[in-house]
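Encoded as structure tokens, the structure appears first; notes follow it.
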Amino acid sequence: MSRVRQLTRNFYPKKYEPEILKFWDEARVYERLREARKGSKRFHFLDGPPYPSSDMPHPGTVWNKIIKDSVLRFKRGEGYDVLDKPGWDTHGLPIEVMTEKALGFTSKKDIENYGIDKFVLKCKELATKNLKSMTEHFKEFAVSMDWDHPYRTFENEYIESAWWGVKKIWESGRLYEGERPVHWCPRCETVLSDYEVSESYKDLMDPSIYVKFKVRGSENEYLLIWTTTPWTLPGNVAVMVHPNEKYVKVRVDGDLLILAKARLEAVMKDAGIEEYEVVEEFEGRTLEGLKYEHPLEDLVPVQQRIKDAHRVVLSEEYVTMEEGSGCVHSAPGHGKEDFEVGMRYGLPVVSPVDERGRFTEDAGKYAGLQVREANNIIIEDLSGRGALFHRGTVIHKYPVCWRCDTPLIIRTTKQWFVKLTDLRKKLLEESGRAKWVPKWGGERRFKDWLLGLEDWIISRQRYWGIPLPIWRCESCGHIEVIGSAKEIEDRAGVKLEDLHRPWVDGVTWKCPKCGGKMRRIPDIMDVWYDSGVSFFASLGYPHRNREAFQEIFPVDFITEGHDQIRGWFFSLLRMGTLLFNQVPYKSVLMHGFMLDEKGREMHKRLGNYVPPPEILKNVARDTFRFFVLTKVPWQDLRFSWKGLKEMERRLSVIWNVYVFATTYLRDKELGQLPPKEELDPVNRWVLSRLHSMMKRVRESMNEYHLHVASNEILSFLIDDLSHLYLRVARKKLRSKNRSVADQWGRVLFHVLRETLPYLSIFAPLMSEKIYLESFRGEKDPDSVNFLLLADPDNEMIDPELEDMMMHVRSIISASGFARSNAGVRKRQPLREMVVVTENDVVRKAVEVLKDVLVTEANVREVRVGEAPTDGKWAQADFSEGSVFLNLEMGDEEILGGLARELTRRIQLMRKELGLTIGLERIEVYVQGDEDVRRALERYYDEIAWDSDANVIKFVSDESEVPGSSFGKEWEVDDRRVFIWVKKVE
RNA sequence: GGGCCCGUGGCUCAGACUGGUCAGAGCGCCCGGCUGAUAACCGGGAGGUCGGGGGUUCAAGUCCCCCCGGGCCCA
């Protein structure tokens, strides 16, 4: 036997939500739940670690966490032992740059003067402070993760796992040191990855110059090249042309210039030259091997030293006819494409620029100058040598440092690489093994890109990060890669308390090969390495949790925004493939971005950013959760206050459903669900709907179609329960027939009780409140979180019955329309409804669900039949036929209508007196005309029952009414009626 | 320049993978009802050539191509 208690009438989430959060915290609900699920089948969720760059999460990040939370709650509801460790990506440049700013630093020198140890501790402090603060914000939205035991990439255990991975890569022969042109920030003095570079391009003004390279051995023939980076000319070693394009030799002022035919007109226009003459035309490929003289050779020593350079090479892919002259100046030291082509042709690499972006001694005259500042001097020198054809300026997108906005340069440096080019196909294959939601997230967006993948630069010349665990002998160059703190201890006898720089930098040992000094190379690692190893490093594998890891690898589920396809999803794939030869996750849900109300991206600096606390100030936590969870997850989501308010109203309807039900059910003994055969068809229907809902929620949650699941439960509670079932149930629940009232009570209780854990996936706070206040029985657990999701039972699902109810809804609609047209209000009972249809299901529906039609259409009889030909009828059509309402009013209809009017008046008066239905009883006295008397007489029982009246007496004047009665005069259908109500003490 | 996503009534969005009861929902608006869920609830109505054009098909928001607009990723 179960009982429910009355639920607080008003929906005040602002009040109960903080109370519930506090209760969960104090009662240690999640900890106990985790404990309770131990030993069950496991579900491994891996949190994509947010970067703690601020103390406040972006609302989109809250959305991200809510998505995760709904899946976690669902899986716990299915009985899984869920791994729900949150993560934090704590290393890297943003934190360093923020710390530098706070300390007023502008260069690496400032940091080294201050002390790397102090600086690193400051970085750690900042990251820790921010992640703690962000945690509190996530908790506010009822995100249930293991907040007390997060994985943080700065922890020693994490670093050790990362090192193990590096060692393994080294052992596989994929780790190598190489010299490549890389994007470099001259302020941060570090290499940046392609991914980091793609983050920010800015419009910059640069010179746009055409330069004449004199063909060796000729009198007056020149290759005409174009560049916007004159400072790369000291690094020039070749000119690229397109093999298949037409080139021309043009006479201008006595010079013969070579350039692409397709660019001729544009170049001449650009240079302001009107008179020129094409003297020859030929294919680009015929230029191959043509030698030229470097115009700055006498000023730049390195240019004199290099061999086998200054010639024309061919490239189909990097010579464009969209801009420039079709003769592309090539400096393999300052450009990736140039480097690639240069390798093919065996060209030398020249990069006379240092880490601060200044020319080195190799650049001779320009040594010591900042490269961008040298632009003008170089242009002057070209001009002085008669090599400048034209000089202009251009505003173009140029990469800048994503943290400090300094324009980047490309210079050739030694870096540590991980070889990937031979893994392209394997990576693509592995990505295909994961289940991508939506499907196109993986395949289409990954494919071309993966196939063009380059080797990965994992070294960075900074401080706050995982130290690259590579030690090299100063004497013989012998290399050792370290996989744990213990290995350091074994070699150097040093036990490090913190594995970061600078402490790890001081550790040296004797080279086993030559006895020289083994010293760590000073680099740290790309942060994408950090987050890429999270699938095992979060567990401390392989130094810790070995068995656990093997049991739950690959990870069951990850989800992040679509920007992470090439970010974290890829970096996990990369590490999984490198270290375990497989993709480390089974399914991926990719979600969208949160945009502002106008559809633009939300940014603090754009001022269109809604801080999470502001959301909380205006709407319930569950409202925001439901709002985001009902949207298609992989599409961008437009933030909307209006949308939130709308959702809040819908939640209040759900609340009201529970209020309504508890009003009728409270304090009743509610037994088990009666057997199906004994049930009223409407009850069979609502149970069918319940199980259909459960089934669809389970299915769609398992497909990560969260929006389908959340909308399903909303429509069940609102469309099926509130709009239909409860309207029928309210009369049945108060039925004089005990067994009827009892059956409906049990069914209603059952439906609402089973729905609660489902609701709690999306609106956990509201569900908990309802559970604790009204539905929790004595032997039940002390939180809705412990409840399992009831399994849908196919036996309970009756598609035909559900179909029939759809038809009944249409019939009710049509009858409402007919009444509306005929001007007959719904309160007025009508004699008869005739449904005309050819559809057998509809016929059966009218039969089986007659009760619903009688109540909802307010008619005394319903039948299927032929269209009536005589009498007064109102008619309306629905999809499967027509509805006819008999408008003829007999005594029965008039008195019936009157009785309902009287009941309504009495109810109003009860309410005015503050009397509670089911508790306090009344005596009623009525004075009115003959019809009123007859209505009272005929419908005495109904009126008395509905209004909890002990006695209803028809009186001829006030003297018959007890003095203490509450009296009121009413006008009912043009009649004057006096009603007195007296509370029975 | 390439790739991907989105563009459905005034607003916010489902439906598109698996062509055919898919032209829907909520809000807003208009009309009405109910009155012990009541600072709630219910019914009805108006309103969309599903961004534009072309194609495939007996049949296309749904598949294909092109274009326009918005966004993202990459060059």
Side-chain angles (χ1 to χ4, degrees), chain A residues 7 9-11 194-195 197-199 201 317-318 320 322-323 336-337 397 399 437-441 443-449 452 561-567 590 592-593 595 597-601 627 630-632 634-647 649-650 652-664 707-708 711 714-715 718-719 722-724 726-727 730 734 806 809 812-821 823-828 856-858 876 879-880 900-901 903-912 914-919 946-948:
Chain A
L7 185 61
R9 287 203 176 273
N10 291 315
F11 178 53
D194 288 347
Y195 187 85
V197 173
S198 71
E199 291 287 290
Y201 280 75
E317 53 289 45
Y318 303 124
T320 167
E322 304 294 321
E323 56 180 12
K336 292 187 178 187
E337 295 83 2
K397 292 241 182 283
V437 183
K439 219 170 53 229
W440 46 261
E443 297 165 22
R444 291 189 228 167
R445 285 177 87 142
F446 245 149
K447 194 175 171 192
D448 295 338
W449 181 68
H562 49 55
D563 57 327
Q564 296 302 326
I565 292 175
R566 278 152 176 170
M590 160 197 124
F593 270 43
L595 309 176
E597 306 213 56
K598 293 183 187 115
R600 294 169 312 175
E601 223 185 314
F627 174 75
T630 48
K631 309 291 184 199
V632 182
W634 48 85
Q635 285 179 18
D636 289 349
L637 187 156
R638 209 180 266 216
F639 184 89
S640 161
W641 286 114
K642 225 175 118 189
L644 284 167
K645 288 287 172 201
E646 215 175 292
M647 184 53 75
R649 271 197 294 278
R650 298 177 82 184
S652 85
V653 172
I654 293 177
W655 181 265
N656 277 326
V657 164
Y658 278 91
V659 171
F660 170 86
T662 56
T663 305
Y664 283 102
H707 64 304
V708 176
N711 279 305
L714 275 186
S715 92
I718 294 174
D719 297 337
S722 177
H723 292 181
L724 188 65
L726 289 186
R727 294 173 58 81
R730 76 204 301 178
R734 284 178 52 79
M806 301 247 297
R809 283 180 203 257
I812 293 167
S813 254
S815 109
F817 186 45
R819 275 179 182 265
S820 195
N821 287 340
V824 181
R825 62 180 153 210
K826 208 182 148 198
R827 210 182 312 151
Q828 176 61 57
E856 290 307 294
N858 196 16
S879 62
E880 301 298 324
R900 283 184 73 154
E901 295 287 353
T903 308
R904 190 187 135 218
R905 269 28 177 229
I906 295 166
Q907 299 285 44
L908 276 176
M909 292 177 71
R910 276 189 66 110
K911 212 167 141 193
E912 245 178 279
L915 304 178
T916 310
I917 199 91
L919 258 184
D946 282 343
S947 58
D948 277 355

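Just so it is clear, the structure is predicted and the values come from calculations on it, not from any experiment. Each chain gets a letter, A, B and so on, in the order its sequence line appears, and its residues count up from 1. Scope of the values below: all heavy atoms of this structure, side chains included, with no hydrogens, waters or symmetry mates.
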Salt bridge (charged side-chain N to carboxylate O under 4.0 Å, His left out) between Arg650(A) and Glu646(A), worked out: CA-CA 7 Å; Arg650(A) 298 177 82 184; Glu646(A) 215 175 292; 5.9 Å; no
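For G61(B), the base is syn relative to its sugar; the glycosidic angle is within 90° of 0.
Listed candidates were C73(B), A37(B), U35(B). Nearest to the side chain of Leu726(A) is A37(B). Closest to the side chain of Val653(A), from the set A37(B), G15(B), C41(B), is C41(B). Here G26(B) is the nucleotide among G26(B), U35(B), A75(B) with the atom lying nearest to any side-chain atom of Arg650(A). Relative to the side chain of His562(A), the nucleotides G15(B), C72(B), C73(B) differ in distance, and C72(B) lies closest.
Using C1' as the reference atom, C6(B) and A14(B) are 14 Å apart when rounded to the nearest Å. Separation of the P atoms belonging to C74(B) and C64(B) is 26 Å when rounded to the nearest angstrom. The same atom, C1', is picked in C5(B) and in G32(B); the two are 44 Å apart, to the nearest Å. Here the separation of U12(B) from G54(B), taken at their P atoms, is 28 Å to the nearest Å. G9(B) and A25(B): their P atoms are spaced 14 Å apart (whole Å). Taking the C1' atoms as reference points, G55(B) lies 15 Å from U62(B), given to the whole Å. For A23(B) and A60(B), the C1' atoms lie 12 Å apart once the distance is rounded to whole Å. Separation of the C1' atoms belonging to C22(B) and A16(B) is 10 Å when rounded to the nearest angstrom.
Note: Ile906(A) CD1 to Glu901(A) CD = 11.5 Å, rounded to the nearest 0.5 Å. Here Met590(A) contributes atom CE and Gln564(A) contributes atom CD; the two are 11.5 Å apart, rounded to the nearest 0.5 Å. Rounding to the nearest 0.5 Å places NE2 of His562(A) at 13.0 Å from CH2 of Trp634(A).
A donor N or O paired with an acceptor N or O is found under 3.5 Å between the base of A37(B) and the side-chain atoms of Ser722(A).
In this model, the phosphate group of G71(B) is not approached by any side-chain N or O of Gln635(A) to a distance below 4.0 Å at OP1 or OP2. Between Arg904(A) and the phosphate of U35(B), there is a side-chain N or O to OP1/OP2 separation shorter than 4.0 Å. Using a 4.0 Å cut-off, no side-chain N or O of Arg649(A) falls inside it from OP1 or OP2 of C27(B). The side chain of Tyr664(A) contributes an N or O atom lying less than 4.0 Å from OP1 or OP2 of A37(B).
With a cut-off of 3.5 Å on both pairing distances, the Watson-Crick or G-U wobble partner of G1(B) is C74(B). Partner assigned to C41(B) is G33(B), using Watson-Crick or G-U wobble distances below 3.5 angstrom. Remark: A25(B) base-pairs with U12(B); criterion is Watson-Crick or G-U wobble with both hydrogen-bond distances under 3.5 Å. Partner assigned to G7(B) is C68(B), using Watson-Crick or G-U wobble distances below 3.5 angstrom.
Atom CG of Leu7(A) and atom P of A40(B) are 17 Å apart (whole Å). Rounded to a whole Å, the CZ atom of Phe593(A) is 16 Å from the P atom of C5(B). In this entry the distance linking CG of Asp563(A) with C1' of G3(B) reads 16 Å, nearest Å. The distance between atom CE of Met647(A) and atom C1' of G26(B), rounded to the nearest whole Å, is 9 Å. Rounding to whole angstrom units, CG of residue Leu714(A) and P of A14(B) are separated by 14 Å. One can place NE2 of His707(A) at 20 Å from P of G24(B), the figure rounded to the nearest angstrom. Across the protein-nucleic acid pair, Arg638(A) atom CZ and U8(B) atom P stand 10 Å apart, rounded to whole Å. Taking atom NZ of residue Lys631(A) and atom P of nucleotide C6(B), one finds them 16 Å apart after rounding to whole Å.
Nearer to the 5' terminus of RNA chain B, by closest-nucleotide assignment, is the contact made by Trp634(A) (compared with the other of Ser652(A) and Trp634(A)). Heavy-atom distances to RNA chain B give each of Thr903(A) and Leu637(A) a nearest nucleotide, and the one nearer the 5′ end belongs to Leu637(A).
Using a 4.0 Å heavy-atom distance criterion, Val708(A) is classed as making no nucleic acid contact. If you check every strand for non-hydrogen atoms under 4.0 Å, Glu646(A) touches a base.
Taking the side chain as every heavy atom from C-beta outward, Phe11(A) and Asn656(A) never approach each other to under 4.5 Å.
A side-chain contact (heavy atoms from CB on, under 4.5 Å) with Ile718(A) is found for one member of Leu724(A), Val657(A), Ile654(A) and no other, namely Ile654(A).
Between the Ser722(A) side chain and the Asp719(A) main chain, no donor and acceptor come within less than 3.5 Å of each other.
Taking the six-membered ring where tryptophan is involved, the planes of Phe627(A) and Phe639(A) are perpendicular, since the angle between them exceeds 60° and thus also 30°.
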